[in-house]
Amino acid sequence: MLFPDYRPRRLRQSDALRRMVRETVLNVNDFVLPLFAVSGKNVKIPIPSMPGQFQLSIENLIETAQSAFSLGIPAVILFGIPDKKDALGTPAYQKDGIVQKAVKEIKKHLPDLVVITDVCLCQYTDHGHCGIVEKDVIDNDATLDLLARTALSHVQAGADMVAPSDMMDGRVAEIRNVLDENGFSPVPIMAYSAKYCSAYYGPFREAADSAPKFGDRRTYQMDPPNAVEAIREAVMDVEEGADIIMVKPALAYLDIIYRIREEIDLPVAAYNVSGEYAMVKAAQQMGWLDGQRVMLETLTAIKRAGADLILTYFATDAAKALQA
Ligand code: PBG
Ligand code: ZN
């Protein structure tokens, strides 16, 4: 049917009509809020490149998680900033590490909130790489055991889900095995499967003090021009036992989200990363665009592309906007 018999504008004439034919609707249940945990008492350090985001000590983490949960946000993902770092990332897998302590306290106060932990070594290694360094090369297989120990320590502290973000080959299988051997077979793994070597992580590395001290992450994170390879990464993680497949970043990789949603029969998560957040906040502060509308349009686009879950620093703002 063509014009003038068919007129697409007929169904756009009022807000109510538009709502009736809307194909994609954001829901607070889609959101996961990332939080940065630091030691200390009553610490709330603003992250300059991420307005509205903070490094939080435990009581403030609980308060922030509490307000997110009361807005209906079902989950948070925790990143730790340790006091000390070493070559082996030891503080990542200590029983009383920052994430382990934070998980325990948050779960004590908010037992129904889903607490996910990011599993990686880069915040904990003095060289800032996501794996063990051997003669300036990242040693894949030597890293696997440390990642699995980290994941296990998070789960022993009470984490509901672990999310490996290191991009070492074989880490999902290693973590799955170790969790199962220790009686944690019900705990799901959300794999950062298609994680690209992206400049959009800039603000996060400032927030988490995790920038590599030499070189870059090109030998383990994916090359941005590649899409077919993302399918292979996702399929491997499914085979290794992942429960949720993540694409990261989100906005510059909507095609990857779409393709993975088509190919993989597991929930797909997308990480709306720090640089995506910072760009919107910066332009809004300059008065160059309507930050609220751009936020909702962006999150809707990520969902329209096929994401079932969205990890986003906008979670609280978006949840409030959806209530209004
Ligand atoms: C650590 C990690 C990073 C992010 C999540 N986990 C940074 C990196 O890989 O350098 C990025 C998150 C963001 O930019 O919001 N492996
Ligand atoms: Zn890392």
Side-chain angles (χ1 to χ4, degrees), residues 31-37 47-55 76-82 85 87-89 91-93 98-99 116-133 138-140 143-144 146-147 150-151 154 161-169 171-172 175 190-224 233 246-253 269-282 298-299 302 309-315:
F31 301 143
V32 178
L33 175 67
L35 294 174
F36 298 101
I47 300 164
S49 54
M50 299 173 73
Q53 306 302 314
F54 303 86
Q55 295 180 345
V76 298
I77 179 165
L78 291 184
F79 296 91
I81 300 144
K85 302 172 190 259
L88 297 176
Y93 35 93
I98 179 67
V99 166
I116 308 169
T117 57
D118 181 88
V119 174
C120 201
L121 300 181
C122 53
Q123 288 111 274
Y124 307 89
T125 49
D126 50 15
H127 45 72
H129 277 288
C130 304
I132 297 309
V133 175
I138 317 305
D139 186 338
N140 190 90
T143 303
L144 297 179
L146 303 185
L147 292 167
T150 303
H154 291 174
M161 191 186 303
V162 289
S165 68
D166 51 281
M167 288 302 278
M168 296 301 122
D169 298 332
R171 90 278 207 208
V172 172
I175 291 171
M190 174 162 68
Y192 286 72
S193 301
K195 177 175 179 182
Y196 287 88
C197 188
S198 172
Y200 283 98
Y201 306 150
F204 173 95
R205 291 183 187 168
E206 178 190 30
D209 185 29
S210 66
K213 299 287 182 294
F214 70 90
D216 52 44
R217 304 209 202 288
R218 279 177 228 260
T219 66
Y220 43 107
Q221 298 182 344
M222 281 184 62
D223 198 22
E233 281 279 9
M246 195 202 298
V247 176
K248 178 186 178 191
L251 199 45
Y253 297 84
Y271 201 139
N272 176 221
V273 300
S274 58
E276 301 173 44
Y277 178 83
M279 290 194 302
V280 176
K281 288 287 178 185
T298 302
L299 295 172
I302 294 168
L309 299 167
I310 307 174
L311 293 83
T312 179
Y313 304 98
F314 285 120

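Whatever order the structure lists them in is the order used to number ligands and atoms, beginning at 1.
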Requested in this report: Show your reasoning for whether side-chain contact (heavy atoms from CB on, under 4.5 Å) applies to Met167 and Cys130.
Outcome: CA-CA 8 Å; Met167 288 302 278; Cys130 304; over 6 Å; no
Query - From CA spacing to verdict: side-chain contact (heavy atoms from CB on, under 4.5 Å), Leu311, Asn272 - result: CA-CA 6 Å; Leu311 293 83; Asn272 176 221; over 6 Å; no
Query raised in the report: Yes or no on side-chain contact (heavy atoms from CB on, under 4.5 Å) for Lys248 and Tyr200, after CA distance, side-chain angles and deciding distance?
Result: CA-CA 10 Å; Lys248 178 186 178 191; Tyr200 283 98; over 6 Å; no
Requested in this report: May I have the step-by-step check of side-chain contact (heavy atoms from CB on, under 4.5 Å) for Tyr93 and Leu88, ending in yes or no?
Outcome: CA-CA 10 Å; Tyr93 35 93; Leu88 297 176; 3.7 Å; yes
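Distances shorter than 2.8 Å separate the Zn ion (ligand 2) from the protein N/O/S atoms Cys120 SG, Cys122 SG, Cys130 SG.
Listed by chain and residue number, Val119, Val162, Ile175 satisfy the side-chain contact (heavy atoms from CB on, under 4.5 Å) test with Ala151 (two or more places apart in sequence, or in another chain). The salt bridge (Lys or Arg N to Asp or Glu O under 4.0 Å) search around Asp166 returns Arg171, not counting sequence neighbours.
The only option from Leu309, Val247, Thr312, Ile310 that meets the side-chain contact (heavy atoms from CB on, under 4.5 Å) definition with Ile302 turns out to be Ile310.
Annotation: cation-pi pair Lys195/Tyr201 present, NZ/CZ under 6.0 Å from the ring centroid and within 45° of its normal.
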List below, pair by pair, the N or O atoms of ligand 1 and of the protein that are less than 3.5 Å apart, including the distance to 0.1 Å; reply 'none' if no pair qualifies.
| from | atom 1 | to | atom 2 | distance (Å) |
| --- | --- | --- | --- | --- |
| ligand 1 | 6 (N) | Lys248 | NZ | 3.4 |
| ligand 1 | 9 (O) | Lys195 | NZ | 2.6 |
| ligand 1 | 9 (O) | Gln221 | NE2 | 2.9 |
| ligand 1 | 10 (O) | Arg205 | NE | 2.6 |
| ligand 1 | 10 (O) | Arg205 | NH2 | 2.8 |
| ligand 1 | 10 (O) | Arg217 | NE | 2.9 |
| ligand 1 | 10 (O) | Arg217 | NH2 | 3.3 |
| ligand 1 | 14 (O) | Ser274 | N | 3.3 |
| ligand 1 | 14 (O) | Ser274 | OG | 2.7 |
| ligand 1 | 15 (O) | Ser274 | N | 2.7 |
| ligand 1 | 15 (O) | Tyr313 | OH | 2.6 |
| ligand 1 | 16 (N) | Ser165 | OG | 3.0 |
| ligand 1 | 16 (N) | Lys195 | NZ | 2.9 |

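Between Phe314 and Thr298, every side-chain heavy-atom pair lies at or beyond the 4.5 Å cut-off.
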